[in-house]
Structure formats: structure tokens, C-alpha cells
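Each remark here refers to the structure printed beneath this line.
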Amino acid sequence: MRVLFMGTPDFALFTLKALVEAGYEVVGAVTQPDKPKGRGYELQPPPVKVYATEHQIPVYQPATLKNGAFDEELAALAPDVIVVVAYGKILPLSVLNYPRYGCINVHGSLLPQYRGAAPMQRAIMEGCTETGITTMLMNEGLDTGDMLQTVRVAIEENDNFEQIHDKLGAAGAALLLETLSALADGTVAPVAQDDTKATYAAKIEKRDCLIDFAKDAHTVHNTVRGLSPVPLGFTHTPDGKLLKVIETRLAKSGAALAAPGTVLSLDGAVEVACGTGSVLLTRVLPEGKGRMSAADYIRGRRIAVGDVLK
RNA sequence: CGCGGGGUAGAGCAGCUUGGUAGCUCGUCGGGCUCAUAACCCGGAGGUCAUGUGGUUCAAAUCCCAUCCCCGCAA
């Protein structure tokens, strides 16, 4: 089966790798164009490009697929199926309709919940205890295609985005291989999504990252872990400096008798009062510094009991 | 040449503006106290202050110049 892969970030790599290692004929990798990133605006190739190049897979980085812009290449590659994982562009009908087996998307949620750009982060931030992977037959909508197969993955109390990302990445790669062979065997029946149950996982914006200590401790904890290790939830110390929070734990102690954001204790971790309960900041990233444990942060004497984070 | 912070003992930091004895909180080693301890007390080891054997100076962690490395923002 000739497979054309479309994907961009690390998350897509799990699946591309699985396809290659399973012996599929990956005829090409379509990924986003290199973009200037980081300090000095250096051009950075997306992870999928790096991997594909290393494995002698032809790389395509069209600015757009619309208006037949990719039709010529598509005809030359003649894929039987297109596998799409976190590609980042809309596929026009001319592409969607081309492959015999269609365009299969690996999505990081149990559809129809968390359609959209940031399903893993949103699921964690909203305190879900379970998420998963759905493979589906893509259509013109945003993650609205008919579902093929799903796999469930538990979200533990302290799982952060990275851990869920890796778990779902591995689960997604495995599921896709199953879906592909099921498709080839004709043993899978597409199931339409129940649109009335659909929810959207919007892209993570800056405003989503500001920690609101007025919320209850669980919400604060969920926000932090859903955004860790990138882009990271943040707050500000009394001197106005940025303080990003890498990791929190729910404090065992009960209700906090202090205004939200108040530092309650500094015994190995920074305990901060929330609207209800309190959380322990266990790893942080001060402005202009690197990531460090809360114990180190405290040793530097950059914070005192009674300080208010906001 | 996008903007900015930083490189001082094993860790996290102060000192730099107003050059002149290497400081703080921990860790570590030894001793003491204690039924006991991650608690407390006493003592010690450990640093070419990123690099240049650079410039200024009687004197540079501190001022000037160059280079390397780390980080945040923005995209």
C-alpha cells in the first residue's frame, strides 16, 4: 500500500516512524514549510522533515494545498491512502478524494469531544481522567469525519501534557496500523460522529497560560500540568517578574485562610493559596533563568511567605 | 543583525551603580547536643568570579572591548 504521510510536529513522528518500521511504502512526507523560530529567527525544519530526510523519504512543503496547488505531485505519488497527523493545514476536496482508501487522520481525543488544535492540553486542563485516540476518515470539516477506531488512555492525577502527548503518540501510532490493516481487509465500518456531543479544543493562547489562583486548587493544578512542559502556565512575583510554573502538586492541607495567590509556606516547595485549597509549586522557571526545583528557587531567596503571586 | 536577562564553591543566589579582605541560604565532611532526628550548636574543606595570561588602573568579580555558552520574550 502506497502511503503518503502528512504531519508536522513531534506528535506526528510516532506514527510516521511506526509506518516506516512496519514496512509500509511511505512515498512522501508533506509537512509545513520551514519557519523562522527561536532567537535570531533561525529557520527551523519541522521534526517530520528531519526524520523523513534521514530515511530518504521525499519531503514536500507546499505553502498551500488549495486550488489544485498539490494535484500534480499527488498524481505523481499516487498514494492509496493519506495518513494525516497534526499537519496544520486544511485539506481541500481534491486531496481528500484522491486516495482509494481516503485520508485517515489520527486525532488525540475521543471524538466528537475535543475536536480542534489542542485536544490533549484541553483535556488535561479541564480535569478529564480519560482521553484517547480516534482514527477517522477525514472530510472537509474540522475533525468531523466518520470515526474508524478508538483507543482509550487514562489521565493520571499528575500526568502533564508531555506524558499524555507521549502516551497518545504511541497509542495513536499503534492504532493507525490497526486501522490501516482493517481498512485493507474491509473489516472496519465508519461511524458518524454525534455532532450534538461535539466540543472544541481551541488552540492555546497566551491568556490561557495565566494562572488564576482564585480558582480552586484542582483547576490550578490542571492548568499547570496541561501546559507543561510547554508553553507553561505563568504568574508574577510581587516585583513584577514573570514566574512560570512547571509542576505542581495538590497540597494535602485543607482550606487556606489567605487571599488567593498568597505564599503560605516554603518548606521544600512553594505553597500557594487558591480560591479553594492550595497547591505546592514544585518546579518553576523564573524570568531570565532556567528551570529549577522549588527548593532551589527558595534557596535563592527570591520569595517569602506572605508574598502574593498574581 | 528582532527585544531582553544571565554565566561568582556541588545547587540556588548576593556583591558590580559609588574598583581595594570572596558573602548568603543549602549541600558536603568532622565534632557536639539528644531516647532520637531531615531539628539545633560548633568547626572545616571547596571558587584562576564563563573565556581572553585583552584594555584602563597602584589595584578589577566590579569599569571598557572581544569571544563562547545558557535562558526568557516575541514570531
Side-chain angles (χ1 to χ4, degrees), chain A residues 7-13 30-50 59 61-65 86-90 116-118 120-122 125 160-162 165 201-213 220 223-253 261-272 278-310:
Chain A
T8 301
D10 285 320
F11 187 72
L13 233 43
V30 181
T31 191
Q32 294 275 5
D34 294 6
K35 282 179 184 164
K37 288 186 188 298
R39 283 169 226 109
Y41 290 112
E42 281 181 45
L43 228 50
Q44 301 287 340
V48 163
K49 179 183 183 179
V50 175
V59 173
Q61 298 178 283
T64 179
L65 301 176
Y87 172 45
K89 281 193 191 301
I90 302 293
M120 298 182 267
Q121 293 95 321
R122 295 294 178 187
M125 291 168 79
N160 65 17
F161 171 52
E162 180 175 45
H165 171 276
K203 194 173 121 187
I204 302 296
E205 305 283 350
K206 181 89 173 174
R207 64 172 174 278
D208 297 316
C209 302
L210 176 61
I211 297 169
D212 183 0
F213 287 108
V220 171
T223 301
V224 168
R225 66 202 180 100
L227 299 172
S228 182
V230 280
L232 248 31
F234 67 91
T235 183
H236 300 277
T237 49
D239 58 6
K241 292 266 178 63
L242 190 67
L243 180 68
K244 292 194 166 190
V245 182
I246 300 166
E247 181 185 87
T248 53
R249 287 285 115 101
L250 292 167
K252 299 171 201 75
S253 56
T262 304
V263 175
L264 299 173
S265 71
L266 293 171
D267 185 19
V270 181
E271 183 180 9
V272 183
S278 62
V279 293
L280 300 170
L281 314 188
T282 51
R283 285 198 297 156
V284 298
L285 188 155
E287 179 177 333
K289 290 292 181 177
R291 295 170 184 239
M292 63 180 74
S293 69
D296 282 346
Y297 180 69
I298 293 162
R299 252 175 237 122
R301 300 189 150 195
R302 292 194 244 202
I303 195 159
V305 171
D307 283 353
V308 177
L309 304 176
K310 61 183 176 183

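Per chain, numbering begins at 1; letters A, B, ... match sequence-line order.
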Interatomic distance at C1', B/rG19 relative to B/rU57, whole Å: 9 Å
Where A/Pro231 and A/Cys209 come nearest, the two heavy atoms and their spacing: CG-SG, 3.7 Å
Test log, rule salt bridge (charged side-chain N to carboxylate O under 4.0 Å, His left out), inputs A/Asp212 and A/Arg207: CA-CA 10 Å; A/Asp212 183 0; A/Arg207 64 172 174 278; over 6 Å; no
Span that lies between the P atom of B/rU28 and that of B/rA38, in whole angstrom: 10 Å
Side-chain donor/acceptor of A/Gln121 to backbone N/O of A/Gly226, under 3.5 Å: no
A/Ser293 side chain vs A/Arg283 backbone, donor-acceptor pair below 3.5 Å: no
Base paired to B/rG27 (Watson-Crick or G-U; both N/O distances under 3.5 angstrom): none
P-based separation of B/rA75 from B/rG6 [nearest Å]: 23 Å
Find every protein N or O atom lying less than 3.5 Å from an N or O atom of nucleotides 9-12 of chain B, and list the pairs.
from, atom 1, to, atom 2, distance (Å)
B/rA11, O2', A/Asp296, OD1, 3.0
B/rA11, O2', A/Asp296, OD2, 2.7
B/rG12, O3', A/Arg302, NH2, 3.2
B/rG12, O2', A/Asp296, O, 2.6
B/rG12, O2', A/Gly300, N, 3.3
B/rG12, N2, A/Arg299, O, 3.0

Between the protein and nucleotides 67-69 of chain B, list every N/O to N/O distance that falls short of 3.5 Å.
none

Between C1' of B/rC71 and CZ of A/Phe234, the distance in whole Å: 17 Å
Watson-Crick or G-U wobble mate for B/rA66, both contacts under 3.5 Å: B/rU51
pair A/Leu281-A/Leu309: side-chain heavy atoms closer than 4.5 Å: yes
Side chain A/Thr223, main chain A/Ile211, donor-acceptor under 3.5 Å: no
Check the interface with nucleotides 73-75 of chain B: list each N/O to N/O pair with the protein under 3.5 Å, or write none.
from, atom 1, to, atom 2, distance (Å)
B/rC73, OP1, A/Lys244, NZ, 2.0
B/rA74, OP1, A/Lys206, NZ, 3.1
B/rA74, N1, A/Gly38, O, 3.2

B/rC70 and B/rU8, which share atom name C1', separated by this distance in whole Å: 15 Å
NZ/A/Lys310: more than 12 non-hydrogen atoms of other groups inside 6.0 Å: no
Who pairs with B/rG46 - Watson-Crick or G-U, where each distance is under 3.5 Å: none
Separation between the C1' atoms of B/rC58 and B/rG52, rounded to whole Å: 23 Å
Gap in Å between the two P atoms, one belonging to B/rU53 and one to B/rA9, rounded: 23 Å
Nearest-Å distance once atom P is located in both B/rU48 and B/rC40: 30 Å
d(CD1, A/Ile303; C1', B/rU25) in whole Å: 15 Å
Separation between the C1' atoms of B/rA39 and B/rU34, rounded to whole Å: 10 Å
Whole-Å gap separating P (B/rG5) and CD (A/Glu287): 10 Å
Short side-chain to backbone donor-acceptor contact, A/Gln32 and A/Tyr87, under 3.5 Å: yes
Side-chain H-bond candidate by donor/acceptor type, A/Thr31 with A/Gln61, under 3.5 Å: no
Identity of whatever pairs with B/rG4 - Watson-Crick or G-U, under 3.5 angstrom: B/rC71
Expected output: side-chain A/Ser228 to main-chain A/Leu232 donor-acceptor under 3.5 Å: no
Backbone N/O of A/Ala63 and side chain of A/Lys89: donor-acceptor pair under 3.5 Å: yes
